[in-house]
Amino acid sequence: MTPAAQIPPDQCAFEHGPTRETWQRMRLRAGAAVPLVVLLLLATVTVMGLLGNRTGSEPMWMRIAGFVCLVAAPFIFALALYSLGPILRLWRMRRILRVYPWQYCAAVRPSPGVRDVMALPVHLQVEPDGEWSPPMRAVNPVQRKRWTGVMEQGAWFAGDPDFGGVIAEPGGRELMTVQHGSSTAAERYRSIARDKGRLARAKRAGLSHPTTGLRG
């Protein structure tokens with residue numbers, strides 16, 4: 001278990017050097033495929049533009065290329081959108097890390113009885129003898145459901161347990177966003193809503209309204 005004394009004293013988690021380095025490595029990995037996707041998009045648009053001005057006497061290779069581009073265009077556009085997903089999730093993660101400091105989290109464990117195609121369902125235990133949170137959706141922006149099990153013995157958390165945030169292995173490694181998979185009970189929300197400062201901080205971090213759940 002990670003002693004709370006080892007949590008960095010920075011005002012926000014992104015000021016912690018190893019955390020920032022981990023995020024930067026993830027950004028480089030997420031952006032590695034973007035140039036190739038952009039080239040494919042430009043090539044597809046160029047070829048289809050040339051075919052739009054055809055005169056009927058084009059060589060066979062150009063007709064074949066046009067047919068291939070026509071068939072591949074929807075998949076290339078889908079790939080372009082998919083490649084932007086990790087980058088957008090990393091920007092959202094950085095926004096959270098720039099607002100909240102790291103705090104000690106006793107444990108994070110997977111939720112074996114909950115299924116989620118796009119995320120890893122987990123429970124958070126903020127205090128050593130505290131209650132476990134309802135199922136939350138954990139996502140590694142680059143590897144989605146990657147789970148090493150280290151956080152089951154202690155983790156770092158930046159955010160608000162009722163809104164979501166970022167979890168990491170001790171030392172600021174293996175960053176993952178966490179968000180609630182279900183809405184907050186009305187009674188619980190009324191107590192949260194009375195704390196205007198807490199709501200304002202969550203808004204600055206880009207964390208969604210707790211009654212609607214968070215969007216990945």
Side-chain angles (χ1 to χ4, degrees), residues 1-27 89-111 119-142 146-182 184-185 188-189 191-211 213-216:
M1 185 174 292
T2 305
Q6 294 182 8
I7 299 297
D10 305 288
Q11 293 297 315
C12 70
F14 203 69
E15 293 179 357
H16 179 238
T19 298
R20 188 167 57 250
E21 291 171 3
T22 299
W23 183 89
Q24 290 170 344
R25 286 194 297 269
M26 295 173 72
R27 182 189 60 182
R89 287 190 290 270
L90 281 168
W91 286 347
R92 178 172 173 268
M93 175 184 284
R94 182 178 62 180
R95 186 175 177 182
I96 297 171
L97 294 173
R98 283 180 167 175
V99 173
Y100 291 96
W102 283 125
Q103 60 178 300
Y104 173 66
C105 183
V108 180
R109 69 182 184 190
S111 306
L120 176 70
V122 298
H123 295 283
L124 271 65
Q125 186 185 44
V126 179
E127 300 295 335
D129 298 319
E131 297 182 356
W132 291 93
S133 72
M136 302 181 75
R137 305 179 71 245
V139 177
N140 181 315
V142 179
R146 175 179 168 83
W147 185 255
T148 64
V150 174
M151 283 186 266
E152 297 180 37
Q153 305 301 319
W156 289 5
F157 174 70
D160 188 311
D162 287 310
F163 288 85
V166 177
I167 55 175
E169 292 181 1
R173 302 181 299 272
E174 295 294 336
L175 301 173
M176 302 179 77
T177 58
V178 287
Q179 59 189 46
H180 283 280
S182 59
T184 302
R188 179 59 179 163
Y189 169 67
S191 66
I192 296 172
R194 286 193 288 268
D195 192 338
K196 302 301 181 182
R198 185 179 177 188
L199 290 174
R201 192 179 195 185
K203 185 177 181 180
R204 290 199 309 273
L207 296 176
S208 300
H209 207 281
T211 59
L214 300 182
R215 302 291 181 181

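Other residues, nucleotides and ligands contribute more than 12 heavy atoms inside 6.0 Å of the CD atom of Gln24.
Heavy atoms only, all atoms of each residue included: Pro161 and Val126 are closest at CG-CG2, 4.0 Å. Minimum interatomic distance between Ala155 and Val108 (heavy atoms only, all atoms of both residues): CB-CG2, 3.9 Å. Smallest separation of non-hydrogen atoms from Ala205 and Tyr100: CB-CE1, 3.5 Å. The minimum heavy-atom distance between Gln11 and Pro101, with the atom names listed, is O-CB, 3.6 Å. Nearest approach of Leu120 to Trp147, heavy atoms of both residues: CD2-CE3, 3.5 Å. Annotation for Ala138 and Ile167: closest pair CB-CD1, 4.5 Å, computed over non-hydrogen atoms.
Look at Arg198 and Asp160 and you find a salt bridge, because one of the NZ, NE, NH1 or NH2 atoms lies within 4.0 Å of a carboxylate O, short of that distance.
Of the possible polar contacts, none joining the Gln125 side chain to the Trp132 backbone as a donor-acceptor pair under 3.5 Å is found. Between the side chain of Arg89 and the main chain of Asn140, no donor-acceptor pair closer than 3.5 Å is present. Side-chain N or O atoms of His123 include one that pairs as donor or acceptor with a backbone N or O of Ser133 at under 3.5 Å.
Side-chain N/O atoms of Thr148 and Glu174 include no donor and acceptor closer than 3.5 Å.
Within the 4.5 Å cutoff, no side-chain heavy atoms of Arg201 are placed close to those of Phe163. A 4.5 Å side-chain heavy-atom check between Pro110 and Glu152 finds at least one atom pair inside the cut-off. Looking at heavy atoms from C-beta onward, Arg20 lies out of side-chain contact with Leu97 at the 4.5 angstrom threshold. When side chains are defined from C-beta on, Leu207 counts as touching Arg92, because their heavy atoms get closer than 4.5 Å.
Annotation: the span from Arg98 atom CZ to Glu15 atom CD amounts to 10.0 Å, rounded to 0.5 Å. With values rounded to the nearest 0.5 angstrom, Met176 atom CE is found 11.5 Å from Met136 atom CE. Once rounded to the nearest 0.5 Å, the distance linking CE of Met93 with CG of Leu175 reads 5.0 Å. Here OG1 of Thr22 is found 8.5 Å from NE2 of His16. Values are rounded to the nearest 0.5 Å. Separation of atoms NE2 (His180) and CG (Asp162) is listed at 5.5 Å; rounding is to 0.5 Å. To the nearest 0.5 Å, atoms CD (Gln153) and CD (Glu169) are separated by 11.5 Å.
For the side-chain contact (heavy atoms from CB on, under 4.5 Å) criterion with Val166, the lone passing option out of Phe157, Trp156, Trp102 is Trp102.
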